[in-house]
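Not measured: the values here are computed from a predicted model. As the structure lists them, so they are numbered: ligands from 1, and atoms in each ligand from 1. These values consider heavy atoms only, across backbone and side chains, with no hydrogens, waters or symmetry-generated copies.
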Amino acid sequence: MLEDKNQQRTSLADLGEFGLIQHLTENVKITHKSTLKGIGDDAAVLDFKKKQVLVTTDLLIEGIHFDLSYMPLKHLGYKAVMVNLSDIYAMNGRATQITVSIAVSNRFPLEAIEELYAGIHLACESYQIDLVGGDTTSSTKGLLISITAIGEIEKKDIVYRNGAKPNDLLVVTGDLGVAYLGLQVLEREKQVFQANPNAQPDLENYTYLVERQLKPEARKDIPSLLKELDVKPTSMIDISDGLSSEIIHLCTQSKVGCNLFEDKIPLDQQVISTCEEFKMDSTTVALSGGEDYELLFTVDTADFPKIKANPNLTVIGHMTDKNEGMNLITRANQKIALTAQGWNALLKKE
Ligand code: ADP
Ligand code: MG
């Protein structure tokens with residue numbers, strides 16, 4: 001995991017807004033030809049020649065989207081970038097630039113904002129992204145981060161949510177339910193810590209879960225993998241709110257139904273064992289737990305031979321005629337209608 005250092009406390013007021021921007025962005029390097037002008041003027045200048053431009057934005061608010069008592073700021077910076085890149089990859093695109101806007105209360109010293117930016121810079125380096133601008137302001141309470149990601153794509157490669165056809169195969173990358181369980185583990189440790197501040201967190205059996213909650217990776221590899229395999233999905237979406245809700249988006253926008261097979265949902269061993277320990281149903285966790293940032297897409301059945309042996313991809317169902325509805329086919333071969341409960345479904349159980 002990422003290291004966190006936060007001992008010194010330099011007041012942001014001493015630095016001033018321009019000093020802070022200068023300090024946070026002095027080492028930013030530009031790597032994309034499409035970035036003609038990055039930070040430093042009234043606007044960045046980008047040139048995508050004949051490519052189509054993808055733009056997506058997300059706003060994260062302290063207390064709503066993240067809790068700094070177990071989310072180190074460096075991880076938060078990294079994750080805030082991932083959330084946005086994931087949306088570019090979900091269009092089958094290549095992410096190239098981001099802008100980062102922050103509002104900070106005077107509760108945060110410079111060192112805290114440095115940590116946040118260490119995570120942002122690390123994400124930019126690892127995913128080859130140019131940081132080309134942003135905005136910096138103060139807030140009366142808490143921290144807000146808004147990131148906009150920009151990407152490029154050739155027109156013929158764009159994959160929307162609305163292109164799925166009956167009989168198309170439903171495919172997911174990686175495995176599911178992980179980040180949500182990571183959050184459960186962290187919440188539990190937080191409660192233990194609040195009851196006994198000397199308790200040491202015991203996260204050894206949950207490393208994969210916690211890592212995926214605190215340091216998710218967007219699936220940059222998938223658009224290039226699909227190109228290599230010569231597969232263009234008919235529809236695609238990223239999994240931020242849970243499998244069920246994303247399937248419903250694809251079906252609704254494509255005007256199709258689907259059958260999702262419970263026994264096909266990819267689950268890591270750590271997810272299975274932790275679900276047993278927490279007395280949670282692993283299928284419910286995969287369907288309704290959020291923040292996995294895997295990609296969900298549909299392909300024509302003719303493409304099945306190209307994807308079937310790939311360890312990154314799992315066929316979990318198929319699309320149907322709209323009037324057949326959106327269904328989960330259980331291990332016991334029962335048909336249950338999928339509902340988009342997202343996190344609420346899991347919260348209600350507690
Ligand atoms: P303006 O007055 O035009 O809003 P600013 O002084 O806010 O300009 O910003 C100066 C430059 O620094 C601009 O290029 C802007 O995009 C960039 N910038 C401002 N805040 C941030 C930030 N938090 N992260 C990255 N770049 C930033
Ligand atoms: Mg500004």
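A salt bridge links Lys306 with Asp230: at least one charged nitrogen is closer than 4.0 Å to a carboxylate oxygen. Between Lys74 and Glu114 no salt bridge is recorded (no basic side-chain N to carboxylate O distance below 4.0 Å).
Among the atoms of Thr136, some N or O lies under 3.5 angstrom from an N or O of ligand 1. Checked by distance only, ligand 1 and Gly134 come closer than 3.5 Å through their nitrogen or oxygen atoms. Residue Gly40 has at least one N or O atom closer than 3.5 Å to an N or O atom of ligand 1.
Ring orientation note: the planes of His318 and Phe261 are tilted relative to one another, at an angle of 30° to 60°.
A 4.5 Å side-chain heavy-atom check between Leu170 and Asn259 finds every atom pair outside the cut-off. Taking 4.5 Å as the limit, every side-chain heavy atom of Leu12 sits out of range of all side-chain heavy atoms of Asn106. Proximity of His32 to Gln97: side-chain heavy atoms (C-beta onward) are separated by under 4.5 Å at one or more points. Residues Glu217 and Tyr78 form a side-chain contact, since some pair of their non-hydrogen atoms from C-beta on lies under 4.5 Å apart.
Among protein heavy atoms, the minimum distance from atom 26 (N) of ligand 1 is reached at Gly133 C, 3.3 Å. Distance from atom 22 (C) of ligand 1 to its nearest protein heavy atom, with residue and atom name: Tyr117 OH, 3.1 Å. Of the protein's non-hydrogen atoms, Asp42 OD1, 3.9 Å is the one closest to atom 3 (O) of ligand 1.
The distance from ligand 1 to the heavy atoms of Phe18 drops below 4.0 Å at these ligand atoms: 6 (O). Taking every non-hydrogen atom of Glu17 and a distance limit under 4.0 Å, the qualifying atoms of ligand 1 come out as 7 (O). Atoms of ligand 1 lying under 4.0 Å from any heavy atom of Asp41, numbered from 1 in the order shown and given with element: 13 (C), 14 (O).
Coordination check, Asp135 versus the Mg ion (ligand 2): passed, since an N/O/S atom of the residue sits under 2.8 Å.
Less than 4.0 angstrom separates atom 1 (P) of ligand 1 from none of the non-hydrogen atoms of the protein. For atom 10 (C) of ligand 1, the nearest protein heavy atom is 4.0 Å or more away. In this structure, atom 18 (N) of ligand 1 has a protein heavy-atom contact shorter than 4.0 Å.
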- Arg212 and Tyr180: side chain to side chain donor-acceptor pair (under 3.5 Å), yes or no, with the steps? CA-CA 9 Å; Arg212 289 242 343 224; Tyr180 176 80; over 6 Å; no
- Item | Test side chain to side chain donor-acceptor pair (under 3.5 Å) applied to Thr173 and Asn312, step by step | CA-CA 5 Å; Thr173 65; Asn312 290 292; over 6 Å; no
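Under the 4.5 Å side-chain heavy-atom criterion for grouping Ile, Leu, Val, Met, Phe, Trp and Tyr, Leu116 is connected to Tyr70 within one hydrophobic cluster.
Scanning Leu20, Val100, Thr137, Ile21 for the heavy atom closest to atom 5 (P) of ligand 1 points to Ile21.
Residue contact check for ligand 1: Asp135 places a non-hydrogen atom closer than 4.0 Å to it.
With a 4.0 Å heavy-atom cut-off, ligand 1 is reached by the side chain of Thr25 but not by its N, CA, C or O.
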